Amino acid sequence: MQVSTSLSAGPPALGLHLGADAAVDDDGWLVRSLTAAPGLDGPPGILQGGLAAGLGSAIARQADRFGAPLTRIRARLHAPTPLGTAVQARVRAGDGPAHHHFETRAGELLLTSGEVELAGHDPAPFGLDLLELATVPLPAPVPQHEYPTCFVCGPEPTHPLGLRMHPRPTATGAIVAPWIPAAQLGAAGIVDPVVVAAVLDCPTVWSAIEPIRAQGAVGALLAGFEVHHYRDVPVEEPLRVVARCDALDGRKVRARAAVIDEDATCYALASALHIAVERIPEGSLSPC
């Protein structure tokens, strides 16, 4: 009988794999290999930022003994994560129950770092302004070409599950995109949190794209991401991914996104920090 040498970090069809073998290093980190399959692009050859951040939940799950739903994930993206190349995934106990610190590294280069809480869903926030977008008419799609192969928003993704979630800006610049998640994006009727993080990333860029372009930049790279989960996101149900830009400070872009439905139910909420760039990188391991 052939024994698998890897574990799926997210839906198996996605192509994110953690090594089945793990070791504890001298600093108490549980260390495994991590590989992201080609086709999971944000910029060409680089893992999409929301996936890179959301992977923290899958890495932490391997060190968790209780199996409670994901509460939140907070991540920093220090350098691009390459596709098709094994890197190192590390996790250790955090500063309280159900808290875990995680990192990914390529050799000595820190790629991502953050904290995950696996304590069950929090109550959804009241008065969330993004819920105003639950029933507005859907804007027309405006395909973008800065990230042509992006797994989430690219018009020409190479991954078979590529979402083609084209930007749909309202008159105010807010993004409202319809989404019916495919069953392959989750298990037991629930979208995997890694995928939820991915779909919350791209709309935050597009909600700020006009002021980004006005300063001479062509796009932005995710630098910081925090996602709170309030309900399981169901597969094969009509949902909306909505986003709004909150502020620009030089090259720093701050925006929020949520997965909601037309009954104004909030499933997950993200806050993003992006850095505007004059050139979209391709497959580099240089720090952002």
Side-chain angles (χ1 to χ4, degrees), residues 40-43 46-57 70-81 102 104 111-117 125 128-131 133 144 146-147 150-154 163 165-170 172-177 179 193-213 215 217-230 233 239-260 266-277 280-281 287-288:
L40 296 176
D41 307 66
I46 294 170
L47 184 63
Q48 194 257 5
L51 289 174
L55 266 171
S57 63
L70 175 63
T71 309
R72 67 175 177 88
I73 180 168
R74 180 185 294 130
R76 294 285 296 177
L77 287 80
H78 306 274
T81 299
F102 75 91
T104 62
L111 305 177
T112 64
S113 64
E115 184 181 57
V116 175
E117 183 179 0
L128 180 65
D129 61 329
L130 291 172
L131 295 179
L133 302 172
Q144 57 81 23
E146 287 86 351
Y147 307 84
C150 177
F151 172 77
V152 173
C153 66
L163 301 181
M165 188 178 285
H166 303 307
R168 290 175 178 254
T170 66
T172 64
I175 300 295
V176 182
W179 185 37
V194 176
V195 176
V196 175
V199 302
L200 289 169
D201 169 21
C202 295
T204 56
V205 173
W206 303 119
S207 71
I209 195 61
E210 291 308 321
I212 287 172
R213 289 169 176 161
Q215 61 179 239
V218 298
L221 299 179
L222 187 62
F225 207 44
E226 184 167 348
V227 183
H228 290 255
H229 288 256
Y230 306 114
V233 177
L239 303 168
R240 292 185 174 199
V241 182
V242 300
R244 179 169 282 154
C245 178
D246 289 325
L248 273 79
D249 179 10
R251 295 173 59 210
K252 295 180 179 179
V253 180
R254 299 187 184 276
R256 290 169 297 125
V259 177
I260 64 175
C266 182
Y267 295 86
L269 174 67
S271 298
L273 168 64
H274 296 276
I275 306 300
V277 294
I280 305 298
C288 297

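Since the model is a prediction, treat every value here as computed from it, not as a measurement.
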To check you understand the geometry: which heavy-atom pair defines the closest contact between [X] and [Y], and what is its length?
X	Y	result
Val116	Ser57	CG2-N, 4.0 Å
Leu200	Ala257	O-CB, 3.5 Å
Phe225	Ala197	CE2-O, 3.5 Å
Leu77	Ala52	CD2-CB, 4.0 Å
Leu221	Pro281	CD1-CG, 3.9 Å
Thr204	Ala272	OG1-CB, 3.7 Å

Could you give the distance from [atom1] ([X]) to [atom2] ([Y]), rounded to the nearest 0.5 Å?
X	Y	atom1	atom2	answer
Asp41	Leu47	CG	CG	8.5 Å
Leu40	Ile46	CG	CD1	13.0 Å
Ile212	His274	CD1	NE2	7.5 Å
Leu222	Gln48	CG	CD	8.0 Å
Phe102	Leu55	CZ	CG	8.5 Å
Lys252	Ile275	NZ	CD1	6.5 Å

Can you tell if the side chain of [X] reaches within under 4.5 Å of the side chain of [Y], non-hydrogen atoms only?
X	Y	result
Cys202	Met165	no
Asp129	Arg244	yes
Val242	Ile260	yes

Discussion item. Please enumerate all residues that pass side-chain hydrogen bond (donor to acceptor under 3.5 Å, both in side chains) together with Ser271, with sequence neighbours excluded.
Written reply: none
Worksheet item: What residues, two or more places apart in sequence or in another chain, satisfy side-chain hydrogen bond (donor to acceptor under 3.5 Å, both in side chains) together with Glu226?
Response: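 Result, side-chain hydrogen bond (donor to acceptor under 3.5 Å, both in side chains) vs Glu226: Arg74, His228.
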Worksheet item: Backbone N or O of Thr112 within a donor-acceptor pair of the Thr104 side chain at under 3.5 Å?
Response: yes
Practice prompt. Report the C-alpha separation of Ile209 and Gln144 in whole Å, then their side-chain angles, then the decisive distance to 0.1 Å, and conclude whether the side chain to side chain contact (heavy atoms under 4.5 Å, CB included) test is met.
Written response: CA-CA 11 Å; Ile209 195 61; Gln144 57 81 23; over 6 Å; no
Discussion item. Using the rule given for side chain to side chain contact (heavy atoms under 4.5 Å, CB included), can you reason through Val205 versus Glu146, listing the C-alpha separation, both sets of side-chain angles and the distance that settles it, and then say yes or no?
Written reply: CA-CA 11 Å; Val205 173; Glu146 287 86 351; over 6 Å; no
